[in-house]
Amino acid sequence: DKKHRDKEREKMKHKDGSTDKYKDKHKEKRKEEKVNYHADNSWKNACMHVKSEPEDDFYHSPKQSLKRERDEDNDSEFKPKKIKTENDKKAKKRKQDEVSNGHNIMKAKWEEERYTDGSKWRFLEHKGPVFAPPYEPLPNHVKFYYDGKAMKLSPEAEEVATFFAKMLDHEYTTKDIFRKNFFKDWRKEMTTEEKAKLTDLKKCNFTEMSEYFKAQSEARKAMTKEEKQKIKEENERILQEYGFCIMDNHRERIANFRIEPPGLFRGRGDHPKMGMLKRRIRPEDIIVNCSKDSKHPEPPPGRKWKEVRHDNKVTWLVSWTENIQGSIKYIMLNPSSRIKGEKDWQKYETARRLKKCVDRIRNQYREDWKSKEMRIRQRAVALYFIDKLALRAGNEKEEGETADTVGCCSLRVEHIKLYPENDGQEYVVEFDFLGKDSIRYYNKVPVEKRVFKNLQLFMENKEPDDDLFDRLNTSILNKHLQELMDGLTAKVFRTYNASITLQQQLKELTNVEENIPAKILSYNRANRAVAILCNHQRAPPKTFEKSMQNLQAKIDAKRDQLSDAKRELKSAKADAKVRKDEKSKKTVETKKKAVQRIEEQLMKLEVQATDREENKQIALGTSKLNYLDPRISVAWCKKWGIPVEKIYNKTQREKFAWAIDMADEDFEF
DNA sequence: TCGGGTACTTAGCAATGAGCAG
DNA sequence: CTGCTCATTGCTAAGTACCCGA
């Protein structure tokens, strides 16, 4: 296995190290490279095989790959560990050997699936979506009151009323926009009589309904084990039936096979559409996507799908149009699936290609700060922000349709303040705006003089609500980036900067001497540096203060325990000195061990406390899942002998199976 | 170039459930 | 066994990116 790993490591190096040079210098040789790539990658028992160009995607089953792995095992002719600069010719020759070798084996053993036309699959079969359970009318004793008088609502109006009743405890049911939107949409569901009667939301009393639902959820909690077990089994049955699909010979987990149930829309932040009715999705709204030769999913008895299509250029199984924004929703595969994993891998490979040319790009945009053309200066300053601060691209949004949030290209004059001098620093820019999900971005950063002067220029003669970059949008920016590097877009900078930061922080923070919990703290700190860079915030947990106190109490208790143990050790030592017999020596040893153990426990608790405190308002999950090349983490674990489970939970390990398999301890992002 | 449409990734929060102390 | 706490999972909104036709 070790041998094998060395070899694989070696191959990775090649793929990473030499392929790109090739791309730049010998475009016409790329065909060859692709073939090599296949051979190079046909090795894994993981489930992923990616090529940077989608037309070259192909895939074979884990089992088959395993076999092949063994075939290559005894071939250990080359395994130089640190090959930074191996001569190209030799590398190429070796690769070709592998190609012919590998290719034959592959051809003999499997039928390859290889897509050269942008298609995503050959075969797709699934059971369609699971619809939300139908509305169950309230029992008659649960009353709704209007203007103090009980009133029986039509089932349609009642259902929408229950949506509101269920949210009664939330603050947003008190917000004007929410109430207005809700009432307007509710009235659409009412009968003529109801509409005539119910004219004022303030006079509506939902409390009995609300109490009823609370009681229901209590009852659910109080269910016996058997009842709970039964429900669990039923869910498992549904999962097995609807939660998987067959895509190209593989049974893959579906991410969201349940259709979103109806309810009241609650956007994030100050959303103009909050409170609107999200309508129930019917089979007639559903477009099914599957392969022609598959067993098509059946609509519920007596119903029809909107459409069944066979589009293998896309990855979704089911789609429908949602009524709040009119956008399309999809049912797609789980992150553990081949199709998502490959894409993920590809994303990080693109970021690694950026690593190789980021210096050039940085020099370029610094030059562009001096351009005669306004649009180029704006582009260059925006790119600087995206690179330095990891800002999002900032697409335009339709006004009034969504909360007012911005990204880099859509920044307005009102979102930044310029300080020629601030707290002893020169040329400070203060950012204050709402970004994705209406999360506030606040940052004060010193910038280069040229940037500062440019910003002053961009802001000249503008109103606060004018665009800062009036000659720029994401499409212009991305078009430019595309010219700088194949596949480069604004978001690649976030991925790149996040991953490179993790790698660099891990190098800096990991201390050889420290034990595993301390190393994990270092990992979390590195992770945290990235989360801060990407502004991944969370609301401090409601029970934060309390749980912190609990932990502190535990620490105090442990401290007491430690001093007790130390005292006991001391007296045992004294005792042993006097008595000098085996038994008392043994006691000393035991006590020593006890002290050590307690010290370790104490340290662990203290580490935990530090970690938690530092994490109060920071969410680590998002960067871990979406921005950090998992191979960096896997390599770090391997290097320091840390079980990967300490870093990734089960779901995460499934998602990153490709990386866990592929990366060895000296993987370099 | 612009608006509209589509596909896919990224995001935080609420519900759930596993594990643990009492 | 019970109740509590915290991590995990599910949910779905909100982004990015890119295509197309006028």
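Lettering of chains follows the sequences in order, A, B, ..., and the numbering in each one begins at 1.
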Practice task
For I647(A) and S633(A), work out which heavy atoms get closest and say how close.
Solution key: CG2-CB, 4.3 Å

Problem - Partners meeting ring pair (Phe, Tyr, Trp, His ring centres under 6.0 Å) with Y627(A) (sequence neighbours left out) - result: H536(A)

Handout entry: Non-neighbouring partners of W316(A) that pass ring pair (Phe, Tyr, Trp, His ring centres under 6.0 Å), sequence neighbours left out
Key = Y330(A)

Fill in the blank from the handout: Sorted by chain and residue number, the salt bridge (Lys or Arg N to Asp or Glu O under 4.0 Å) partners of D470(A) (sequence neighbours excluded) come out as K462(A)

Problem - Which residues share a ring pair (Phe, Tyr, Trp, His ring centres under 6.0 Å) with F431(A), sequence neighbours left out - result: F385(A)

Fill in the blank from the handout: Under a 4.0 Å heavy-atom cutoff, the residues of residues 521-532 of chain A touching DNA chain B are none

Give me the distances for all protein-to-nucleotides 4-7 of chain B N/O pairs that come in under 3.5 Å?
residue, atom, partner, partner atom, Å
dA7(B), OP1, W316(A), NE1, 3.4
dA7(B), OP2, W316(A), NE1, 3.4
dA7(B), OP2, Y330(A), OH, 2.9

Which atoms of nucleotides 3-5 of chain C (N or O only) lie under 3.5 Å from a protein N or O atom, and what are those distances?
residue, atom, partner, partner atom, Å
dT5(C), OP1, K546(A), NZ, 2.8

Problem - ring-ring contact (aromatic ring centres under 6.0 Å, His included): pairs with one or both residues in residues 465-495 of chain A, sequence neighbours excluded - result: F458(A)-F469(A)

Practice task
Return the set of residues passing ring pair (Phe, Tyr, Trp, His ring centres under 6.0 Å) with F265(A) (not counting sequence neighbours), or none when no residue passes.
Solution key: H271(A)

Polar atom pairs between nucleotides 15-18 of chain C and protein, under 3.5 Å, N or O only, would you list them?
residue, atom, partner, partner atom, Å
dG15(C), OP1, T405(A), OG1, 2.8
dG15(C), OP1, D437(A), N, 3.1
dG15(C), OP2, K397(A), NZ, 2.9
dT16(C), OP1, A393(A), N, 3.3
dT16(C), OP1, G394(A), N, 2.6
dT16(C), OP2, N395(A), N, 3.0
dT16(C), OP2, N395(A), ND2, 3.3
dA17(C), OP1, T489(A), OG1, 2.8
dA17(C), OP1, A490(A), N, 3.2
dA17(C), OP1, K491(A), N, 2.7
dA17(C), OP2, N478(A), ND2, 3.1

Problem - Letter per nucleotide, 5' to 3', of nucleotides 13-22 of chain B [B base touched, S only sugar-phosphate touched, - untouched; heavy atoms, 4.0 Å] - result: SS---S----

Handout entry: Pairing residues for N626(A) by the side-chain hydrogen bond (donor to acceptor under 3.5 Å, both in side chains) criterion, not counting sequence neighbours
Key = none

